[in-house]
Amino acid sequence: MKKFTNARIYRQHDDTSQILVDKGVIKQIGKNLPKADEEIGLQGRLVVPPYVDPHLHLDCVYTGSDEGAANTS
């Protein structure tokens with residue numbers, strides 16, 4: 001388990017927080033979190049969510065290729 005300390009969280013970055021991560025999954029965000037195997041100081045750096053573009057183009061993967069499922073776009 002890893003604990004990131006002195007992190008400024010996006011939209012809450014007036015004060016620093018801690019982030020507890022286990023096997024690549026964020027388990028807790030807050031203050032005074034439990035000890036971890038590894039602690040990494042972020043020196044007040046800003047932590048933001050990843051950029052995700054969730055749209056897709058069904059016509060590009062030929063999902064409308066069956067008879068009666070014509071894609072006219």
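Keep in mind the model is a prediction, meaning the values are calculated, not measured.
- No donor-acceptor pair under 3.5 Å is formed between the side chain of Asn6 and the backbone N or O of Gly41.
- Here the CZ-CD1 distance, from Phe4 to Ile40, works out to 4.0 Å after rounding to the nearest 0.5 Å.
- Under the 3.5 Å distance criterion, the side-chain polar atoms of Arg8 are matched with a main-chain donor or acceptor of Gly44.
- Note: Leu42 CG to Gln18 CD = 10.5 Å, rounded to the nearest 0.5 Å.
- The number of heavy atoms from other shown groups lying within 6.0 Å of NZ (Lys31) is above 12.
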Evaluate Leu20 against Met1 for side chain to side chain contact (heavy atoms under 4.5 Å, CB included), listing each step before the verdict. CA-CA 7 Å; Leu20 198 59; Met1 191 165 332; 3.5 Å; yes
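- If you run side chain to side chain contact (heavy atoms under 4.5 Å, CB included) between Ile19 and each of Thr5, Leu33, Ile26, only Ile26 comes through.
- Here Lys35 contributes atom NZ and Lys3 contributes atom NZ; the two are 6.5 Å apart, rounded to the nearest 0.5 Å.
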